[in-house]
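Naming convention: chains lettered A, B, ... in sequence-line order (proteins, then strands); numbering from 1 in each chain. Note that this is a predicted model, so its numbers are computed, not measured.
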Amino acid sequence: MSETPAAQTFSHLSVRLAQVANPQSAIVHFGSDAPLPLDCGVALAPFSIAYQTYGSLNADKSNLVLVCHALTGDQHVANIHPVTGKPGWWETMVGPGKPIDTDRYFVLCPNVIGGCMGSTGPSSINPATGHAYGPDFPVITIADMVRAQARLLDHLGIPDVLCVLGGSMGGMQVLEWAATYKDRVFSAVPIACAARHSSQNIAFHEVGRQAVMADPDWCQGRYLEEAKNPRKGLAVARMAAHITYLSDEALHSKFGRNLQDRDKVTFGFDADFQVESYLRHQGLSFVDRFDANSYLYITRAMDYFDLAADHGGVLAKAFAGTRTRFCLVSFTSDWLFPTEESREIVHALNAVAANVSFVEIKTAKGHDAFLLHEPELFDTIGGFLRAGALKRGIAAPPGSKSWP
Amino acid sequence: MNITLSPQSVRHTDTARVDLLFIAEMVAPGARVLDIGCGDGTLLRILSQQRGVDGRGIELSQAGVNSCVAQGLSVIQGDADTDLVYYPDLAFDYAILSQTIQATYSPRDVLKQLLRIGRRVVVSFPNFGHWRVRTQLLFGGKMPRTDNLPDSWYDTPNIHLCTIKDFVALCRDMGVKIERTVALNAYGSKLGVAMPVFMQNLFGEQAVFLLSR
């Protein structure tokens with residue numbers, strides 16, 4: 001007997017909400033005595049950070065690789081996802097013998113503040129009311145996310161990171177780390193990102209947020225109290241955003257104008273085309289694993305990101321005096337964070353004579369290329385990390401052939 | 001000097017970049033170096049392995065950049081003509097332009113930028129005054145093609161070829177101090193230091209200059 005759609009929805013929601021309160025991850029709780037000061041002026045307390053780790057920390061604590069996840073990512077980098085049952089989002093990159101070699105590095109990925117996989121966010125319980133925060137959750141920024149991560153490292157007693165890396169919003173966190181905690185970042189890999197969110201990207205985010213808020217089940221953000229979920233709104237937001245993660249060429253080669261399970265168009269508004277069916281599927285599977293309010297808050301954090309503005313309008317000032325080794329990566333077909341955005345960061349780093357590498361990878365896969373099988377990306381990150389590790393005196397794993 | 005590669009071994013590589021050894025010899029150990037037009041990273045590797053320098057590279061071809069970075073070298077994609085302006089004054093102990101100046105649009109401006117960002121500048125280039133080049137043009141009546149200048153006139157990246165004498169004149173004109181000149185013969189050996197410029201210009205297949213402001 002198959003479940004009804006409503007029952008399915010309920011079971012997915014309960015599985016997902018279980019991860020908010022009680023994640024299948026390590027978690028650190030910071031009490032009312034240790035609030036997190038936010039850029040908006042609020043002190044968030046108590047707050048929690050859920051995180052995953054892979055590999056082990058060496059004796060002198062010098063081999064930490066901090067992975068920052070993207071907008072709709074989470075801490076489940078290289079393990080089976082507890083809600084979807086799918087492999088981790090970067091399991092091609094992180095693991096034994098992989099570019100981010102867990103035989104050598106201690107890999108840590110925290111869920112961002114504002115997220116919905118165990119770190120404190122809008123679906124967490126507000127201790128003042130006993131209900132989910134919903135729209136009462138304070139607006140957070142990329143800097144707030146990074147500040148929370150620094151607190152996590154303090155708590156774990158890890159003074160600095162061998163490398164902080166991430167793509168898209170993860171790359172923004174990398175830049176924020178490198179600018180704010182210069183002495184704690186030995187090397188940094190911002191991938192497919194920008195030092196500020198562009199007007200076009202803010203515009204796309206606004207479309208997504210309006211779609212969520214137009215769903216009557218959003219209930220002014222209090223859908224959890226009303227036992228509802230703005231599935232349709234969030235699915236539309238995801239569909240629109242998903243287009244920006246691909247490229248015209250990728251969509252064309254994958255779907256063309258092919259029809260979905262039919263020989264001719266139906267003169268109706270069914271998903272006639274494969275691309276429509278694909279997007280609908282992307283939208284629906286997303287709402288099973290993500291919280292609508294988290295989507296609003298985290299997109300807002302990206303919109304507010306402008307590293308130069310935080311440093312008198314001059315991006316180079318954000319990196320003045322840095323000794324961090326940088327490696328920037330962009331993709332030719334990424335129109336969400338085009339190469340020019342990375343090049344601007346490179347120029348700012350050049351202006352302070354920073355140690356910087358910059359690789360633009362030719363691919364048709366668009367922005368999402370950083371999550372996909374992209375051999376040049378693997379070679380770049382593997383080589384850059386290895387060079388940094390050797391400079392830091394981290395020896396090759398026993399029996400390793402890929403290390404010099 | 002601790003360069004352990006012999007000129008012969010470099011001579012026998014595909015690139016015949018014997019000039020790199022003499023460049024490496026001019027760089028003080030432990031220095032901060034920017035290698036403009038670093039190609040596949042050969043010089044940066046020699047410098048970091050044998051001179052312990054803090055090396056960075058700029059390379060025009062993306063394939064070259066990607067392979068350098070995968071080897072752990074700090075390299076960005078960029079253009080000598082346009083991208084040197086982003087560096088601050090005296091950011092490096094040495095700015096190196098090996099076998100690239102003849103392929104830039106504005107060699108004079110590039111040289112000016114190099115002298116701005118580097119305390120010392122090392123420039124190497126193929127010498128168009130070499131007797132083999134001169135005789136090919138004189139007796140063959142065609143654009144010369146040699147080991148160092150293998151391309152045809154229509155597909156060469158070298159748009160601003162010069163002779164050793166030309167380069168010395170440009171340095172004089174710009175008020176640049178020439179600290180050392182090394183001219184290399186066809187076998188990759190150094191011509192005598194005492195040799196007058198006109199002889200170097202005739203018998204030097206390539207030249208390496210160490211410059212400062």
**Student:** By a 4.5 Å heavy-atom criterion (distance strictly below it), what part of B:Leu34 contacts chain A: side chain, backbone, both, or neither?
**Tutor:** neither
**Student:** Are there more than 12 heavy atoms of other residues, nucleotides or ligands under 6.0 Å from atom CG of B:Asp151?
**Tutor:** yes
**Student:** What part of A:Glu360 is in contact with chain B, defined as an atom under 4.5 angstrom from a non-hydrogen atom: side chain, backbone, both or neither?
**Tutor:** both
**Student:** Do the side chain of B:Arg56 and the main chain of A:Ala354 share a donor and acceptor less than 3.5 angstrom apart?
**Tutor:** yes
**Student:** To the nearest 0.5 Å, what is the distance between CD on B:Gln77 and OG on A:Ser330?
**Tutor:** 9.5 Å
**Student:** Could you tell me which portion of A:Val356 (side chain, backbone, both or neither) has an atom closer than 4.5 angstrom to a non-hydrogen atom of chain B?
**Tutor:** both
**Student:** Would you mind checking which part of B:Gln62 comes under 4.5 Å of any heavy atom in chain A, side chain (CB onward), backbone (N, CA, C, O), both or neither?
**Tutor:** side chain
**Student:** Does A:Ser357 use its side chain to pair, donor to acceptor, with the backbone of B:Val75 at less than 3.5 Å?
**Tutor:** yes
**Student:** Indicate yes or no: at least one non-hydrogen side-chain atom of A:Asp379 is less than 4.5 angstrom from one of B:Val69.
**Tutor:** no
**Student:** If we define contacts as heavy-atom pairs under 4.5 Å, which of A:Lys362, A:Glu376, A:His347, A:Lys391 has the most with chain B?
**Tutor:** A:His347
**Student:** If you take all heavy atoms of B:Pro88 and A:Ala351, which pair is closest and at what distance?
**Tutor:** CG-O, 3.3 Å
**Student:** For A:Ala353, is there any backbone N or O sitting under 3.5 Å from a side-chain donor or acceptor partner on B:Arg32?
**Tutor:** yes
**Student:** Please determine whether the number of non-hydrogen atoms from other residues, nucleotides or ligands lying under 6.0 Å from atom CD of B:Glu179 exceeds 12.
**Tutor:** yes
**Student:** For the interface with chain A, which of B:Ala91, B:Cys68, B:Ser74 has the highest count of heavy-atom pairs at distances below 4.5 Å?
**Tutor:** B:Ser74
**Student:** So how far is it from B:Ile76 CD1 to A:Phe326 CZ, rounded to the nearest 0.5 Å?
**Tutor:** 13.0 Å
**Student:** Taking everything shown except A:Lys182 itself, do over 12 heavy atoms lie less than 6.0 Å from its NZ?
**Tutor:** yes
**Student:** Do you know which two heavy atoms are closest between B:Tyr87 and A:Asn350, and how far apart they sit?
**Tutor:** OH-ND2, 3.3 Å
